[in-house]
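What you see is a predicted model, and the numbers here were worked out from it, not measured in a lab.
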Amino acid sequence: MSNDTATEPEQTPVPATPAKESGSGLPNWAVQGLVSLSAIVLALVVGAILIIIGDEDVQAAAGYFGAAPLDTVEAALTAVGEAYKALFLGAVGGVDQIAESLTQATPLICGGLAVSLAFRAGLFNIGAQGQLIIGAILAGYVGFAWNLPPGLHLLVAIIAGLIGGALWGGVVGVLKARTGAHEVIVTIMLNYVAIYLLQWLLTTTAFKRPGRDDPISPIVKPDAQFPQFGDTRLHGGFLLALLAAVFVWWLLNRSTVGFELRAVGANADASRTAGMSVGRAYVIAMVIAGALAGLAGSQQVLGTDLPLTDGVAATIGFDAITVALLGRGTPLGTVLAGLLFGALNAGGLQMQLQTQTPLTLTTVLQAVIVLFVAAPALVRSIFRFLPKERGTGPVLAKGWNG
């Protein structure tokens, strides 16, 4: 007796594809982290070579290398070991050292966030230096010229710095949106405008300290200063930097505005077709980026420098670009990169004092780190075990044709 009933074959359920981005099964952020760590290792190797070349004991031992080659090797290992030991201990060797590293990192984090946020919107914000200076000018003026109750004075000074940086960045956004002016050119020009504006202001009665002929302002009043942590230079601005990073993360990943910024950064034409205002996104991105850089200026003049001088910004705005690049344009990566560079800055001073290794070596390390981060294919060719990324990952600025 035949069975006419057809039995349907069992369907094997298809497992869900895991949310992995790289061919190795690792998410893109993990692959990028490995590349960044490898870049740091390579930078330390390059730094070690420079230390060996410049060390006098190594040079002396190399003069009789043929007779006693081990002396040269020993001298080289000693030079590198002592220099990097001093660098490490100077950065994290104690409470005071850690506090100094965090102090150095504070404005770098906010400046790096200013560059990173613009990156995600497809803009290259080279103007963090100028935005920082304008923020420092307004924050410093409110700090030393106004009389306000304690607490309120500091708050108003911080807000003034945010507004100053936001206005300076907003000019770039408006010009980009309305005229198509490239943000790289505009921000470079505004950097110089801010620098010379500060130098001129410090010669005026409103900003010049009474009884002084050099370009320096009165000291910010105690009520407008960030509270210090113990006897160190670390101040409350560091906590603001961490809060700023949390805000940028929320803005980019949990808000509608952040989605528009990321969409415009990924593809401005597609975003425009979808009904988004690309010009509006550019303006918002640069206003917020400028405010973050202005916060970095406030941290300098209200927490570290106190009087306003023409060197208040140092090279923080330009260092912020390297921090953002190393951080891959992400808030967490920017914070970690800022901490690393802050540690290098703090440790470099101790390294120079103890081993006479030039402080500029830390600048070389930072530059080499960014060089390798910007060339991941080169890093993978050296460390062949590193997996490759797949997908777009964080969107950075598009360059001259973006």
Side-chain angles (χ1 to χ4, degrees), residues 18-54 76-77 80-81 83-84 87-88 91-92 101 105 108-109 111-113 115-116 118-120 122 124-126 245 265-266 318-345 347-348 351 357 360-400 402:
K20 305 294 183 182
E21 295 292 343
S22 67
S24 64
L26 294 175
N28 261 355
W29 63 266
V31 177
Q32 293 164 359
L34 288 174
V35 172
S36 297
L37 288 175
S38 301
I40 294 172
V41 172
L42 289 174
L44 292 175
V45 172
V46 172
I49 295 173
L50 295 177
I51 293 172
I52 292 171
I53 292 175
L77 293 177
V80 173
Y84 280 161
L87 178 66
F88 178 79
V92 294
S101 294
L108 290 175
I109 292 173
L113 291 172
V115 180
S116 296
F119 274 159
R120 301 303 293 274
F124 197 178
N125 179 22
I126 302 184
F318 301 115
D319 294 340
I321 300 174
T322 61
V323 169
L325 289 172
L326 179 58
R328 296 286 186 141
T330 64
L332 177 59
T334 301
V335 170
L336 295 177
L339 293 174
L340 173 63
F341 279 28
L344 288 175
N345 290 339
M351 180 179 65
T357 302
T360 50
L361 177 66
T362 59
T363 305
V364 174
L365 291 177
Q366 294 171 1
V368 174
I369 289 172
V370 174
L371 173 65
F372 284 122
V373 167
L378 176 60
V379 177
R380 290 194 189 90
S381 67
I382 299 173
F383 297 99
R384 297 185 180 276
F385 61 86
L386 289 175
K388 293 184 178 181
E389 301 171 34
R390 192 173 67 193
T392 58
V395 177
L396 302 184
K398 290 180 172 50
W400 294 103

Working to the nearest 0.5 angstrom, can you tell me the gap between [X] [atom1] and [Y] [atom2]?
| X | Y | atom1 | atom2 | answer |
| --- | --- | --- | --- | --- |
| L37 | L42 | CG | CG | 11.0 Å |
| T360 | L365 | OG1 | CG | 10.0 Å |
| I51 | L44 | CD1 | CG | 9.0 Å |
| L325 | F119 | CG | CZ | 4.5 Å |

Would you mind reporting whether [Y] and [X] have side-chain heavy atoms less than 4.5 Å apart?
| X | Y | result |
| --- | --- | --- |
| I369 | L340 | yes |
| L344 | L87 | yes |
| V80 | I52 | yes |
| V323 | I109 | no |

Where is the tightest heavy-atom contact between [X] and [Y], given as atom of each residue plus distance?
| X | Y | result |
| --- | --- | --- |
| A245 | V335 | CB-CG2, 3.4 Å |
| S36 | R328 | OG-NE, 4.2 Å |
| S101 | A343 | OG-CA, 3.6 Å |
| A118 | N125 | CB-CB, 3.6 Å |

Heavy-atom count around Y84 OH within 6.0 Å, excluding the residue itself: above 12?
yes
Residues two or more places apart in sequence or in another chain: which of them pass ring pair (Phe, Tyr, Trp, His ring centres under 6.0 Å) with F383?
F385
So if I apply the side-chain contact (heavy atoms from CB on, under 4.5 Å) rule between F372 and each of V41, L326, V379, which one comes out positive?
V379
Side chain to side chain donor-acceptor pair (under 3.5 Å) pairs touching residues 331-345, sequence neighbours excluded, are S116-T334, N345-Q366
